[in-house]
Structure formats: structure tokens, C-alpha cells
Amino acid sequence: MNSTAQVATSIAQSEISPSALRRHGIWDALLRNATRTAAITVLLLLGGVILSLIHGSIPAFKAFGFSFLTTETWNPVTEKFGALAPIYGTLVTSFIAMLIGIPVSLGVAIFITELCPLWLRRPISTAIELLAGIPSIIYGIWGLFVLSPFLQAHVQPLIIATFSGVPVLSSLFAGPPYGIGIFTAGIILSIMVLPYITSVTRDVFETVPAVLKESAYGLGCTTWEVVSKVVLPYTRAGVIGGIMLGLGRALGETMAVTFVIGNAHKIAASILAPGTTISANIANEFTEAEGELYTSSLVAQGLILFGITFIVLAAARLMLLRLEMRSGSKV
Amino acid sequence: MNAAIYNRRRAVNSVIMLLAWFAAASGIFVLALILGTLLYKGVGGVSWAVFSQNTPPPGSAGGLLNAIYGSVMMTLIGTALGTPIGILAGTYMAEYGRGSKLSMVVRFINDILLSAPSIVIGLFVYEMLVVTMGHFSAWAGGVALGLLVLPVVVRTTEDMLLLVPDSMREASSALGSPRWVVIMQVAYRAARAGMLTGVLLAIARITGETAPLLFTALNNQFMSTNMNAPMANLPVVIFQFALSPYADWQKLAWTGALLITVTVLILNVGARALSTRTSKS
């Protein structure tokens with residue numbers, strides 16, 4: 001109220017002469033143009049990112065063509081580069097992360113919205129949101145010094161021994177237990193995406209009208225039936241959007257993975273073996289890359305990564321947008 | 001009522017609810033374990049030397065002074081670059097261009113930038129600045145961080161301005177205020193706390209960013225105040241020291257990791273306190 005009154009006085013004092021009117025017109029035009037320029041800058045930046053990546057990757061695509069995507073070789077000495085191993089590593093680590101991360105995140109979200117005592121709800125939600133802000137390098141250093149030795153000593157030998165007689169699984173989980181590798185990177189990523197997916201899922205779970213859930217409970221549904229038949233169908237687009245956001249994070253995550261992936265340019269049958277991902281490969285080798293072709297091959301991987309994440313993120317945003325519009329039109 | 005079906009439904013429910021409990025417990029346990037390890041390994045290394053000495057060569061004592069200085073400088077540059085552009089762009093989307101096609105496109109693109117892999121932003125700045133200037137520099141690192149600040153500020157500015165009731169704008173306009181006075185004196189004033197929250201969150205985001213600094217600011221073993229040259233910074237020092245075979249370097253890495261985490265948590269808690277206080281009033 002006070003501020004409005006001040007404005008009124010200031011206007012009343014200043015708006016006496018036509019020159020003051022003109023001055024306001026100029027200021028208005030200035031601010032309008034400055035803000036529009038800033039908005040267009042945001043657009044140009046994304047365009048700039050894409051163009052500079054394309055420009056930087058031209059030499060690599062010129063030299064190797066389409067086979068850049070399908071070759072496993074990565075030899076800086078002979079300057080033969082292929083991106084298959086990092087692409088494979090990126091997809092497989094993200095797949096493992098989602099395999100573990102989605103059910104656990106959904107479990108935590110169900111816990112927060114349906115099972116948890118009311119007084120505990122806020123602290124847990126806050127803790128999860130704070131954890132989403134922890135920098136990825138922290139997850140990386142923890143993965144290197146705590147998780148990998150633990151997996152190497154206790155979990156991986158057990159897995160190897162358990163599946164040693166089973167036909168397909170024995171090669172998928174073939175030893176020796178290195179500790180670092182694709183499997184460990186996937187687990188670190190699943191821990192990292194947990195807060196992201198959980199907080200989005202919890203948010204959309206809370207948009208379900210209480211009446212809907214109460215009527216299901218009133219019909220005698222169990223909690224699981226309410227969740228699976230009422231909450232999940234109602235929030236499907238939002239949950240998938242949240243999962244895609246998490247997937248986008250996992251695909252592009254650099255530091256957490258770089259610490260524990262092992263940086264080996266080969267596709268091993270066993271997921272316990274060291275590998276590499278696009279982002280880890282760039283982080284590890286970019287500053288040491290000598291020669292145009294080497295650098296360009298790394299930039300080209302950046303372009304591929306950006307392409308993959310762009311598609312995933314755009315799909316996620318569109319889904320969340322659709323949900324927003326739907327809930328907006330209902331209110 | 002069919003007792004068999006009833007019992008089965010109850011059994012399925014108990015099993016799944018048990019799994020949800022287990023998921024919540026294990027998720028929170030792992031996350032607590034990470035913070036616990038960080039405290040356990042990091043607190044022992046916190047001493048005055050950390051803040052007063054530069055990063056040491058392997059085998060001798062030292063601190064993180066040059067890295068802390070570099071991180072603070074680059075965070076300042078990033079914030080100073082990203083915040084004004086972000087606020088202006090957010091203002092356009094919420095005020096002058098509300099509902100326009102340009103605003104919708106910018107919002108979509110901004111959301112993509114918001115979650116784009118930060119290493120890609122690093123590659124972009126490398127191509128734009130490091131290649132053209134011919135060397136790595138703290139400026140390039142600051143610009144890369146600014147590109148990460150920008151989308152966060154755009155998003156929160158727009159959201160917060162949209163929360164300001166239109167009746168306030170209309171009241172001001174009815175008193176004869178031109179549009180720019182309405183925005184500067186009414187909308188900004190009402191949304192101030194929320195916009196500040198956004199800036200704090202953005203700073204928290206870039207505090208621990210490593211990937212975009214790896215090949216923009218690079219690293220520096222020594223104290224350097226030259227913004228035009230490679231500069232040490234906490235995240236890259238942590239990365240380098242943690243992967244080294246030297247025990248004292250690894251110890252410094254844990255201490256640095258603790259410093260970053262505490263900073264990020266303080267910024268986040270501050271931002272939350274700010275936003276809950278305003279939503280109550």
C-alpha cells in the first residue's frame with residue numbers, strides 16, 4: 001500500500017509537463033527493448049551452442065563419416081576415432097541408473113505422500129530437495145573412495161559367483177571385480193537422480209485431488225490399489241516427465257561418472273568392466289587432446305550428447321507442459 | 001466376500017508398502033552416508049592453513065587459498081554476467097511479452113538450457129572464447145558459469161513476477177504510472193525476495209560446477225589474480241587431487257569437497273528461508 005502511495009506521489013509530481021511525458025515514453029521504450037533483447041539473447045545462446053558444436057565437429061565427421069558412430073576404435077596415435085564405446089557407455093550407465101532409480105524414487109514418493117507420518121513429511125521432502133542441490137563432484141569423490149572399494153570387496157565377487165553358471169548372465173557379470181566400471185557408474189547415477197525424480201514425482205502426486213483418493217479408499221481399496229489405480233493414472237504424464245528429467249541428468253552427468261568409470265575405450269561384454277561415457281571421455285581427454293582431429297572427435301561427441309539430451313529434455317518439458325495445461329483448464 | 005481374494009489383495013499391499021518403506025529408508029540412508037563420509041573425511045582437514053596457503057606440491061603441507069580465491073572470482077563474474085540478462089529476459093516474458101509467441105519459445109529454450117549437460121556449455125565457451133583468445137583464462141571460466149546462472153534466473157524471475165497480482169499493476173497504472181514505473185517500482189518490489197532466491201539458487205548451482213571449468217579456466221598450481229590466465233578453482237582442484245595417488249592431496253580434496261557442500265547447503269537453506277518468509281507475509 002505504502003509503495004503504491006509513494007509511486008502515486010512521484011508520478012503526480014513528475015507528470016506535470018509534456019516533456020515529462022516524453023521522458024517516460026523514452027524510458028518505457030528503453031526498458032521494453034532491453035528486456036526483449038535479453039529474451040532474444042537466451043534464444044541466440046542455444047542457437048550458438050548448437051552451431052559452435054556443429055562447427056567444431058565438422059572435421060571429425062568429414063574424416064570418418066557415419067562410421068564415427070559405429071566404430072569402437074579410439075586411437076590418438078594413429079588418429080583413428082570412433083564414438084561407439086562412449087555412446088554405449090552413456091546409454092548403459094543411464095539405463096542402469098533408471099533401472100534402480102525409478103522404482104526407488106517412486107517408492108520414496110509413495111512413502112512421503114501415503115505412508116509417512118505428517119510431522120515427518122516436511123523434513124524428508126526438504127532433505128531430498130537439498131540433496132538435489134549437492135554438486136555432482138561430491139557424488140564422484142564418494143563413489144571413488146567409498147562405493148567402489150565396497151563394491152569391489154563385497155558386492156561384485158558375490159554377483160560374479162552367483163551368476164557364474166547361468167548362460168547369458170555369466171558373461172554380463174563376468175569378473176574380475178575392478179570396483180570401478182560401468183556398473184559402479186550406473187549405481188552412482190541412480191543415487192544422483194533419486195532426489196530429482198523423487199521431488200518431481202512427489203509434487204505431481206500431491207496434485208491428485210483428495211476426493212479421488214478418498215472415494216477409492218471408501219470403496220475399500222488398499223493403499224497400493226489407490227496408488228496404482230488412481231494416483232499413477234492421474235499423474236502419468238507428470239511422473240514420466242520427472243523420469244525424463246532424471247534421465248536427462250543421468251545422460252549428461254560428467255563428474256560423478258568420470259571418477260568411477262575407469263576410462264577404457266572398449267565395449268566389454270561384462271558390465272562390471274571399466275568403460276567410458278561421452279561426458280567422462282570429454283572431461284578426461286579434452287585438455288590433453290592434440291591436433292584438430294582429436295579435438296574435433298571430442299566436440300563431435302559433445303554434439304551427439306547434446307542431441308540425445310535435447311530430445312529427452314524436450315519430451316519431458318512437453319509432457320510436464322501438457323499436464324500443467326490440463327490442470328490449468330480444470331481449475 | 002471372497003476371503004481368498006481379500007487376503008491376496010492385502011498381502012500384495014503389505015509387500016509393496018514394505019518395499020516403499022525399504023526404498024525410502026535405503027534412499028535416505030545412502031544420502032546420509034554420503035554426507036556423513038564427507039563430514040568424517042573433511043572436517044579433520046579444516047584448519048587455518050586451508051584458508052591461508054596455496055595448493056601444495058605433493059608431499060608438502062598446504063591449503064586451498066588460490067583455489068578458493070579463483071572459485072569466488074569466477075562465481076562473481078558468472079553471477080554478474082548471468083543475473084542482469086536473466087532478470088531482463090524474465091521481465092520481458094512476464095511483463096511486456098506475456099503470452100506472446102516469443103515468450104513461449106524463450107521459456108521452452110530456457111528450460112532446455114536449464115538442464116543441458118554443463119560439459120556441453122564448457123565446450124561452447126571453449127570454442128567461442130578459448131580458441132579465439134588462444135589460451136585458457138579465468139574470464140572464460142566466468143562466462144561458462146554465467147551461462148549456467150542465466151536460465152535459473154530467467155526462470156525464477158518470470159515465475160516470481162507472474163505471482164504478483166495484476167490488481168497491483170492496474171492500481172499503479174490507474175494512478176498514471178507509465179509501464180516502466182509499474183515494473184520497476186511495483187512488480188519488482190513485490191517480487192524482490194523471490195527474485196533474490198533465484199539468484200541465490202543460481203549461485204549455489206555454479207559453486208560446485210566442475211565440468212565447464214575443466215577446459216575454460218583450467219587450473220593453476222599457484223596463486224594468480226590475472227583474470228586473463230588460467231586460474232585455480234576448488235572443483236577442478238578437488239578433481240585433480242582426488243584422482244592423485246598422494247594421501248595429502250586426497251585429504252585436501254575431501255576438505256575442499258566439504259567446503260563446497262557447506263557453501264551450497266547454506267545458500268540453499270538461505271534461499272528457502274527467504275522464500276518461505278515471503279510466502280507467509
Side-chain angles (χ1 to χ4, degrees), chain A residues 3-4 7-8 11 15 24 27-28 31-32 34-36 38-39 41-43 45-46 48-49 52-53 56 103-104 107-108 110-111 115 130-131 133-135 137-139 141-142 144 146 191 194 222-224 245 248-249 252 254-255 279 282-283 286-287 299 302 305-306 309-310 313-314 317, chain B residues 9-10 12-13 16-17 19-21 23-24 27 30-31 34 37-38 85 88-89 91-93 96 102 106 108-113 115-117 119-120 123-124 127-128 154 171-172 175-181 185 189 204 208 210-211 214-215 235 238-239 242 253 257 260-261 264-265 268:
Chain A
S3 66
T4 323
V7 172
I11 302 299
E15 223 175 8
H24 281 312
W27 274 108
D28 224 12
L31 188 63
R32 174 190 292 272
T35 55
R36 189 163 54 204
T41 308
V42 175
L43 281 189
L45 278 175
L46 188 77
V49 171
S52 81
L53 288 179
V104 177
V108 178
I110 293 173
F111 175 80
L115 299 175
L130 287 180
L131 285 163
I134 301 257
I137 192 167
I138 309 297
Y139 290 91
I141 191 173
W142 183 80
L144 178 68
V146 180
I191 297 171
L194 176 74
T222 61
T223 311
W224 169 240
L245 280 186
R249 293 270 170 183
T254 309
M255 297 325 289
S279 47
I282 299 173
F286 198 80
T287 43
V299 176
L305 175 66
F306 192 62
T309 47
F310 187 94
L313 292 172
R317 290 295 169 192
Chain B
R9 284 173 54 207
R10 277 189 35 159
V12 167
N13 185 56
I16 289 177
M17 288 309 126
L19 286 177
W21 268 96
V30 169
L31 295 167
I34 293 178
T37 318
L38 193 60
I85 304 179
L88 285 176
T91 307
Y92 179 80
M93 286 149 73
Y96 287 116
L102 178 62
V106 172
F108 186 75
I109 296 300
N110 188 64
D111 280 350
I112 301 279
L113 277 177
S115 7
I119 195 158
V120 171
L123 283 178
F124 169 62
E127 293 277 328
M128 297 305 289
V154 172
S172 172
L175 289 169
S177 314
R179 193 71 194 268
W180 73 276
V181 175
Q185 306 231 22
R189 197 170 289 192
T210 318
L214 284 171
F215 31 81
I238 295 173
F239 179 52
I260 285 188
T261 310
V264 170
L265 284 181
N268 271 306

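Just so we're on the same page: letters track the sequence lines, and every chain starts at 1. None of the values given here were measured: they were computed from a predicted structure.
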pair [X]-[Y]: side-chain heavy atoms closer than 4.5 Å:
| X | Y | answer |
| --- | --- | --- |
| A/Arg32 | B/Thr91 | no |
| A/Ile282 | B/Phe215 | yes |
| B/Asp111 | A/Leu313 | no |
| A/Phe286 | B/Ile119 | no |
| B/Pro117 | A/Thr254 | no |
| A/Leu31 | B/Tyr96 | yes |
| A/Thr287 | B/Leu214 | no |

Problem - Taking every non-hydrogen atom, the tightest pair across A/Ala38 and B/Leu88 - result: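 That would be CB-CB, 3.5 Å.
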Segment of [X] engaging chain B (4.5 angstrom heavy-atom cut-off):
| X | result |
| --- | --- |
| A/Val49 | both |
| A/Thr222 | both |
| A/Arg249 | side chain |
| A/Ser279 | both |
| A/Leu144 | side chain |
| A/Ile141 | both |
| A/Leu131 | side chain |

When [options] are compared by non-hydrogen pairs under 4.5 Å with chain B, the top option:
| options | result |
| --- | --- |
| A/Ile134, A/Thr309, A/Leu115, A/Ile110 | A/Leu115 |
| A/Thr223, A/Val104, A/Leu194 | A/Thr223 |
| A/Gly133, A/Ser52, A/Gly252 | A/Ser52 |
| A/Leu305, A/Leu245, A/Val299, A/Asp28 | A/Asp28 |

Give the member of [options] that has the highest number of heavy-atom pairs under 4.5 Å with chain A.
| options | result |
| --- | --- |
| B/Ala116, B/Ala211, B/Ala242 | B/Ala242 |
| B/Gly27, B/Gly208, B/Ala89 | B/Ala89 |
| B/Arg9, B/Arg179, B/Glu127 | B/Arg9 |
| B/Leu265, B/Leu123, B/Ile85 | B/Leu123 |

Handout entry: Qualifying residues under side-chain contact (heavy atoms from CB on, under 4.5 Å), relative to B/Asn268, sequence neighbours excluded
Key =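 Here the qualifying residues are A/Leu130, B/Leu201, B/Ala204, B/Val264.
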Practice task
Determine the interplanar angle of the A/Phe111 and B/Trp21 rings, folded into 0 to 90°, and report it as parallel if under 30°, tilted if 30 to 60°, perpendicular if over 60°.
Solution key: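 Ring orientation of A/Phe111 relative to B/Trp21: perpendicular.
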Quick one: what part of [X] sits under 4.5 Å from any heavy atom of chain A, side chain, backbone, both or neither?
| X | result |
| --- | --- |
| B/Leu102 | side chain |
| B/Ser115 | both |
| B/Met93 | neither |
| B/Ile34 | both |
| B/Leu38 | side chain |
| B/Ile260 | side chain |

Say you draw a straight line from [atom1] of [X] to [atom2] of [Y]; how long is it, rounded to the nearest 0.5 Å?
| X | Y | atom1 | atom2 | value |
| --- | --- | --- | --- | --- |
| B/Thr261 | A/Ile138 | OG1 | CD1 | 3.0 Å |
| A/Leu43 | B/Ile109 | CG | CD1 | 6.0 Å |
| A/Leu45 | B/Met128 | CG | CE | 9.0 Å |
| A/Tyr139 | B/Leu31 | OH | CG | 5.5 Å |
| B/Trp180 | A/Thr35 | CH2 | OG1 | 14.0 Å |

Exercise for the section: Go through A/Leu53 and B/Phe124 one step at a time and tell me if the side-chain contact (heavy atoms from CB on, under 4.5 Å) criterion holds. Expected result: CA-CA 7 Å; A/Leu53 288 179; B/Phe124 169 62; 5.7 Å; no
